[in-house]
Visitor: 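Okay, here's the structure, questions in a sec.
What you see is a predicted model, and the numbers here were worked out from it, not measured in a lab.
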Amino acid sequence: MTAEAEIVAELRRLRTRLPQITGALTASVDGLVLAQDAVDEAESVAALTAAALGVAQRLTHTTGRGAFRELLVQGEDGYAATYAAGSAAVLTLLAPPRTNVGRLHLEARRAGARIGELVDGALERLETS
């Protein structure tokens, strides 16, 4: 199974554990879609995620909060949440307003760690070949 297929499988498992999620996306830190599950305009969402990530990274660094871990944006119609996924990727989830944010964080952090392992492992294999 390729890294992309494994990432898509992880996104689907995450959506099984959190059925209220309306979309899940994994992108590179520079805004390229790596895998997605039910995200309209995935390329635009990935690009906006990269822009928000850049600001969040500067904010955590400037305020002495360490490396970026996660970003939660709440709008009138729900949440857009972004989580670090290894050194080169992020996981972005879309969820409705009634979402249990604690559960969202718990499951997304686990999925982000797994996706990070997959992406970082694929990058290591490319570098050594």
Visitor: Heavy-atom count around R17 CZ within 6.0 Å, excluding the residue itself: above 12?
Guide: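 Above 12, so yes.
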Visitor: Y79 and L48: same hydrophobic cluster, using ILVMFWY side-chain contacts below 4.5 Å?
Guide: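 Hydrophobic grouping puts Y79 apart from L48.
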Visitor: What's the spacing between H105 NE2 and L72 CG if we round to 0.5 Å?
Guide: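 Answer rounded to 0.5 Å: 5.0 Å.
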Visitor: Hey, could you give me the CZ/CD distance between R109 and E70, rounded to the nearest 0.5 Å?
Guide: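 Reported value, rounded in 0.5 Å steps: 4.0 Å.
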Visitor: For the CG atom of L123 and the CG atom of L118, what is their distance to the nearest 0.5 Å?
Guide: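 Rounded to the nearest 0.5 Å, the CG-CG separation comes out at 11.0 Å.
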Visitor: Which residue, T92, V90, L93, T26, forms the side-chain contact (heavy atoms from CB on, under 4.5 Å) with Y83?
Guide: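 It is L93, the one option of T92, V90, L93, T26 that forms the side-chain contact (heavy atoms from CB on, under 4.5 Å) with Y83.
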Visitor: Any Lys/Arg nitrogen of R114 or E107 sitting under 4.0 Å from an Asp/Glu carboxylate oxygen of the other?
Guide: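 Result for this pair is no, no salt bridge flagged.
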Visitor: Got a second to check how far R12's CZ is from I7's CD1, nearest 0.5 Å?
Guide: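 Between atom CZ of R12 and atom CD1 of I7 there are 12.5 Å.
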Visitor: To the nearest 0.5 angstrom, please state how far the CD1 atom of I21 sits from the CZ atom of R103.
Guide: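 I21 atom CD1 to R103 atom CZ measures 9.5 Å (nearest 0.5 Å).
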Visitor: Between F68 and T82, which heavy-atom pair has the shortest distance, and what is it?
Guide: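 That would be CZ-O, 3.8 Å.
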Visitor: How far apart are the closest heavy atoms of L32 and A46, and which atoms are they?
Guide: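 It is C-CB, 4.5 Å.
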Visitor: L91 versus L11: any side-chain heavy-atom pair under 4.5 Å?
Guide: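 A side-chain contact under 4.5 Å exists here.
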Visitor: Determine whether a donor-acceptor pair (N or O, by modelled atom type, separation under 3.5 Å) exists between the side chain of T62 and the backbone of L59.
Guide: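 No: the side chain of T62 does not pair with the backbone of L59.
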Visitor: Work out which heavy atom in V119 is nearest to a heavy atom in A88; give both atom names and the distance.
Guide: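 Looking at all heavy atoms of both residues, the closest pair is CG1-CB, 4.3 Å.
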Visitor: Looking only at heavy atoms, what is the nearest atom pair of L71 and A52, with distance?
Guide: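 Result for this residue pair: CD2-CB, 3.8 Å.
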Visitor: Looking only at heavy atoms, which two atoms of I115 and A85 are closest? And how far apart?
Guide: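 Between these two residues, the closest heavy atoms are CG2-CB, 4.0 Å.
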Visitor: Work out which heavy atom in V29 is nearest to a heavy atom in A89; give both atom names and the distance.
Guide: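 Result for this residue pair: CG1-N, 3.7 Å.
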Visitor: To the nearest 0.5 Å, what is the distance between CG (D40) and CG (L25)?
Guide: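 The CG atom of D40 sits 11.5 Å away from the CG atom of L25.
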